[in-house]
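So the structure is just underneath, and the comments pick up after that.
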Amino acid sequence: VEVSQTCAGQNLAVKTFRELLLQDRVVIEESPLVLWCLQNAIEIQNNYGDIKLSKKHKDDTERIDPVAAAMNALARALIHDPKFLILDVK
C-alpha cells in the first residue's frame with residue numbers, strides 16, 4: 001500500500017498519532033534519536049484542515065525520518081484495517 005506524502009494522505013495518521021499521545025496510549029521511549037526527530041518536525045496544514053509532518057525547512061539537514069516512518073506505518077495500518085484504532089479523529 002502506497003502512502004501519499006500529501007496533507008490529505010498523512011492526515012488521519014498524524015491526527016490519530018496525536019490523539020493516541022494525548023490519551024497516553026503511545027509510549028515513546030527516551031531515545032535521543034526519536035526525541036531529536038520530533039523536535040525537527042512541524043505540522044503543515046492545507047486549506048482543508050488536513051495536516052502532515054514535515055521538516056522545519058525543506059533543505060534542512062535535521063532529519064525526521066524515524067517519525068515519518070512511524071506515520072507511514074500507522075497510515076498503512078489504518079488503510080488496511082480502519083477499525084485498527086477506535087478514536088474520534090476528524
Ile51 side, atom CD1; Leu53 side, atom CG - distance, nearest 0.5 Å: 7.0 Å
Minimum heavy-atom distance between Val3 and Arg76, given as atom pair plus value: CG2-CG, 3.5 Å
Indicate if Leu38 and Leu33 have the same hydrophobic cluster label, given that clusters are the connected sets of ILVMFWY residues with side-chain heavy-atom separations under 4.5 angstrom. no
Evaluate Gln45 against Asp50 for side chain to side chain contact (heavy atoms under 4.5 Å, CB included), listing each step before the verdict. CA-CA 6 Å; Gln45 184 174 15; Asp50 298 330; over 6 Å; no
Solution key, residues 64-74 side-chain donor-acceptor pairs under 3.5 Å, sequence neighbours excluded:
residue, atom, partner, partner atom, Å
Asp65, OD1, Arg63, NE, 3.4
Asn72, OD1, Gln5, NE2, 3.3
Asn72, OD1, Gln10, NE2, 3.1

Does the pair Lys55 and Asn40 meet the rule for a side chain to side chain contact (heavy atoms under 4.5 Å, CB included), with working shown? CA-CA 6 Å; Lys55 294 188 290 184; Asn40 296 333; 5.9 Å; no
Examine Phe17 and Leu78 and state if one hydrophobic cluster contains both, with Ile, Leu, Val, Met, Phe, Trp and Tyr joined whenever side-chain heavy atoms are less than 4.5 Å apart. yes
Measuring from atom CG of Asn11 to atom OG1 of Thr16, what distance do you get when rounded to the nearest 0.5 angstrom? 8.5 Å
Is there a donor-acceptor contact under 3.5 Å from the side chain of Lys52 to the main chain of Asn46? no
Treat each ILVMFWY residue as a node, draw an edge where side-chain heavy atoms are under 4.5 Å apart, and state whether Val14 and Val26 are in one component. yes
Output for pair (Leu12 CG, Glu19 CD), nearest 0.5 Å, gives 11.5 Å
Please answer: with hydrophobic residues joined when any side-chain heavy atoms are less than 4.5 Å apart, are Ile42 and Ile28 in the same cluster? no
